[in-house]
Participant: 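Next up is a structure, given as structure tokens.
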Amino acid sequence: MSAESTPIPGKPGGKGRRRKPRSKGRKGLLVTAWVAAGIVVLGGTGAGYLYFKLNGNIKSVDIDQVLGSARPTKVDNGSENILVLGSDTRSGSNKKLGGGTDDGSARSDTAMVVHVYKGHKKATVVSIPRDTLIDRPECTDTQGERHDAAKGVMFNSAYTTGGAACAVKTVESMTGIRMDHYLEVDFSGFEKLVDELGGVTVTTTKAIKDPDSHLDLKAGTHELTGAQALGLVRTRHGVGDGSDLGRIQLQQAFIKALVKQIKSVGVLSNPKKLYDLADTATKAVTTDSRLGSVNSLVSFASGLKGISPADMTMVTMPVQYDPANPNRVLVQQTKAKQIWTALENDRAVPKSATEGNATGQAKGVVTS
């Protein structure tokens, strides 16, 4: 597995010691899979052929059956936890978007735990850096193949090793929290979704230029196309300290802009627009089996409609740069525990858990 470096702050150029950079096509995506599911509600009024076509678009995996009962207990307090992963398989239509080698594997470079509070009026989104060194538990994938536990490996190796089921088990092991749902989207689905929305408006406080992600934005307000949005959520060298942590900050800002755009698009009076959005969204997502139908997605998405950008708290799992390897970060366990305990009890994340952690120095560069 190739590995990009995580810079050490203070080094010339902010780069520190680096391994050979990965190809431009291996940047994780799916910063917004759970938001994409929200668009499905717009297509839920279809019937007959259109309904069955949308239903046939959806891919699902039976995480519950694979993981069995050896999981954290579901907390019955009205809240929900959703693991959102970004898959960057090099095959099919993703290859032309991402470049790189079609090696038959897939990676998860973007991961977020979305906690929807009781009443479904607020949410906290916790990004997990892919460069985080963790102890991966033994797991079984959806094909029934068993994978041994591993110590001190990159977080995103869980998905590469055992797919969705292994990723969910790893996150549950790290957090002690049951994941109620799983959502995933790919490169091409993300780009098409933004284009179907008519673009997403963001403001950049600094110029962002990164040839690796094909992004060249001057400071100012932009209506991003799908390709530009893809470049923005993939860039790490165009702004900030060049780390994955900086890219996470850009992704979090873009999520808020995308949610705002979704809420402002008037498609209910335009049947073709409505269907095109629903078709794109259902093709883009892979879900757990309990969300694997239009009816289930519509019900789930309806519960998210009341959450506005102002109601979303965006944080990154507390980490520090690894003194032994500048390409990696380590979990700040005490602070991370504060976050997971708060979410388990349906409470707000304490401010103390978000202070003094490693950051990517790209906060505030993108606003909506």
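If you're wondering where the values come from, they're calculated on a predicted model, not measured in any experiment. Residue numbers count from 1 along this sequence.
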Participant: Tell me whether the count of non-hydrogen atoms from other residues, nucleotides or ligands lying under 6.0 Å of NZ in Lys121 goes above 12.
Facilitator: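 Count not over threshold, so no.
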Participant: Could you tell me whether the side chain of Asn55 and the main chain of Val294 form a donor-acceptor pair under 3.5 Å?
Facilitator: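 Yes, Asn55 side chain to Val294 backbone: donor-acceptor pair under 3.5 Å.
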Participant: Flag the pair Asp244 and Arg247 as a salt bridge only when some basic side-chain nitrogen lies within less than 4.0 angstrom of an acidic carboxylate oxygen.
Facilitator: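 Judged by the 4.0 Å cut-off on N to carboxylate O distance, Asp244 and Arg247 do form a salt bridge.
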Participant: Would you say that Leu224 contacts Leu217 through its side chain, given a criterion of any heavy-atom pair below 4.5 Å between the two side chains?
Facilitator: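 Answer yes - side chains close enough.
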Participant: Would the distance check show the side chain of Thr280 and the main-chain N or O of Asp276 forming a donor-acceptor pair, the cut-off being under 3.5 Å?
Facilitator: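 Between the backbone of Asp276 and the side chain of Thr280 there is a qualifying donor-acceptor contact (under 3.5 Å).
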Participant: Cut-off 3.5 Å, no hydrogens considered: what does the side-chain donor-acceptor table look like for residues 342-351, sequence neighbours left out?
Facilitator:
residue : atom : partner : partner atom : Å
Asn345  : ND2  : Thr341  : O            : 2.8
Asp346  : OD1  : His115  : NE2          : 2.8
Asp346  : OD2  : Lys118  : N            : 3.1

Participant: When you measure from the side chain of Lys169 to the backbone N and O of Pro137, does any donor-acceptor pair fall under 3.5 Å?
Facilitator: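 Not a single qualifying donor-acceptor pair exists.
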Participant: Taking all heavy atoms of Ala165 and all of Thr142, pick out the closest pair and write down the distance.
Facilitator: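 Heavy atoms of Ala165 and Thr142 come nearest at CB-CG2, 4.3 Å.
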Participant: Which heavy atom of Val202 sits nearest a heavy atom of Ala257, and at what distance?
Facilitator: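 Heavy atoms of Val202 and Ala257 come nearest at CG1-CB, 3.7 Å.
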Participant: Can a donor-acceptor pair be found, under 3.5 Å and without considering hydrogens, that links the side chain of Gln332 to the backbone of Val319?
Facilitator: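 Such a contact is found between Gln332 side chain and Val319 backbone.
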Participant: Rounded to the nearest 0.5 Å, what separation is found between the OG1 atom of Thr132 and the CE atom of Met317?
Facilitator: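 Between Thr132 OG1 and Met317 CE, I get 4.0 Å after rounding to 0.5 Å.
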Participant: Please round to the nearest 0.5 Å and tell me the distance separating atom CD of Glu196 and atom CG of Asp279.
Facilitator: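 Nearest 0.5 Å value for the CD-CG distance: 8.0 Å.
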Participant: Do Met179 and Ile177 come close enough that some side-chain heavy atom pair is under 4.5 Å?
Facilitator: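 With C-beta onward as the side chain, the pair touches.
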Participant: I need the Lys192 NZ to Leu197 CG distance, nearest 0.5 Å.
Facilitator: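 One finds 14.5 Å between NZ of Lys192 and CG of Leu197.
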Participant: Enter the distance from Asp180:CG to Leu291:CG here, rounded to the nearest 0.5 Å.
Facilitator: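 One gets 10.0 Å once the value is rounded to the nearest 0.5 Å.
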Participant: Which pair of heavy atoms, one from Asp210 and one from Arg236, lies closest together, and at what distance?
Facilitator: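 Looking at all heavy atoms of both residues, the closest pair is OD2-N, 3.8 Å.
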Participant: Does any part of the side chain of Val114, heavy atoms only, come nearer than 4.5 Å to the side chain of Val116, both counted from C-beta?
Facilitator: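 Counting from C-beta outward, Val116 and Val114 do come under 4.5 Å.
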Participant: Can a donor-acceptor pair be found, under 3.5 Å and without considering hydrogens, that links the side chain of Ser157 to the backbone of Met154?
Facilitator: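 Side chain of Ser157 to backbone of Met154, a donor-acceptor pair under 3.5 Å: yes, one is there.
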Participant: Output the distance between atom CG (Leu250) and atom CD1 (Ile255), rounded to the nearest 0.5 Å.
Facilitator: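 Here the interatomic distance stands at 11.5 Å.
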Participant: Check whether any side-chain heavy atom of Val125 lies under 4.5 Å from a side-chain heavy atom of Gln252, and answer yes or no.
Facilitator: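 Side chain of Val125 against side chain of Gln252, heavy atoms only: no contact under 4.5 Å found.
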Participant: If the plane angle is over 60° it's perpendicular, under 30° parallel, otherwise tilted; pick one for His181 and Phe300.
Facilitator: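 His181 and Phe300: perpendicular rings.
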Participant: Hey, is Asp64 close enough to Arg71 for a salt bridge, meaning N to O under 4.0 Å?
Facilitator: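 Result for this pair is yes, salt bridge flagged.
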Participant: Is there a donor-acceptor pair under 3.5 Å between the side chain of Gln251 and the backbone N or O of Val233?
Facilitator: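 Answer holds: yes.
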Participant: Does a salt bridge link Lys218 with Asp216, judged by any charged N lying under 4.0 Å from a carboxylate O?
Facilitator: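 The answer is no: the pair does not qualify as a salt bridge.
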Participant: Taking the side chain as every heavy atom from C-beta outward, state whether Leu245 and Tyr321 have any pair of such atoms under 4.5 Å apart.
Facilitator: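 Side chain of Leu245 against side chain of Tyr321, heavy atoms only: contact under 4.5 Å found.
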Participant: Do Thr204 side-chain atoms and Gly220 backbone N/O form a donor-acceptor pair below 3.5 Å?
Facilitator: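 At least one qualifying donor-acceptor pair exists.
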Participant: Please indicate whether Lys122 has more than 12 foreign heavy atoms, meaning atoms of other residues, nucleotides or ligands, lying under 6.0 Å from its NZ.
Facilitator: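 Check fails, neighbour count at 12 or below.
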Participant: Quick one: list whatever passes side chain to side chain donor-acceptor pair (under 3.5 Å) with Asp135, sequence neighbours left out.
Facilitator: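 Residues passing side chain to side chain donor-acceptor pair (under 3.5 Å) with Asp135: none at all.
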Participant: Quick one: closest heavy-atom pair of Ser308 and Val259, and the distance?
Facilitator: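 Looking at all heavy atoms of both residues, the shortest contact is C-CG1, 4.5 Å.
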Participant: Grouping I, L, V, M, F, W and Y whenever their side-chain heavy atoms are under 4.5 Å apart, do Val75 and Val168 come out in a common cluster?
Facilitator: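 No, it is not one cluster - the side chains of Val75 and Val168 are not joined through contacts under 4.5 Å.
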Participant: What distance do Ile58 atom CD1 and Ser296 atom OG have between them, rounded to the nearest 0.5 Å?
Facilitator: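 The CD1 atom of Ile58 sits 8.0 Å away from the OG atom of Ser296.
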Participant: More than 12 heavy atoms of other residues, nucleotides or ligands under 6.0 Å from CD of Gln65: yes or no?
Facilitator: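 12 or below, so no.
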Participant: Under a 3.5 Å threshold, yes or no: a donor from one side chain and an acceptor from the other, between Tyr159 and Thr170?
Facilitator: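 The criterion, which ignores hydrogens and geometry beyond distance, is not satisfied for Thr170 and Tyr159.
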Participant: Would a distance-only check, ignoring hydrogens and angles, find a side-chain to backbone donor-acceptor pair under 3.5 Å from Glu138 to Arg146?
Facilitator: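 No.
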Participant: Please determine, by modelled atom types, if Thr203 and Thr221 share a side-chain donor-acceptor pair under 3.5 angstrom.
Facilitator: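 Yes, Thr221 and Thr203 have a side-chain donor paired with an acceptor closer than 3.5 Å.
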Participant: Without hydrogens or angle criteria, can the side chains of Ser79 and Asn77 be said to hold a donor-acceptor pair below 3.5 Å?
Facilitator: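 The criterion, which ignores hydrogens and geometry beyond distance, is satisfied for Asn77 and Ser79.
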Participant: For Lys283, is there any backbone N or O sitting under 3.5 Å from a side-chain donor or acceptor partner on Lys59?
Facilitator: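 Yes: the side chain of Lys59 pairs with the backbone of Lys283.
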Participant: For the backbone of Gly163 and the side chain of Asp141, can you confirm whether one donor and one acceptor N or O come within less than 3.5 Å of each other?
Facilitator: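 Not at all, since once roles are kept as given, no pair shorter than 3.5 Å links the two residues.
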Participant: Any non-hydrogen side-chain atom of His222 less than 4.5 Å from a side-chain atom of Gln228?
Facilitator: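 A side-chain contact under 4.5 Å is absent here.
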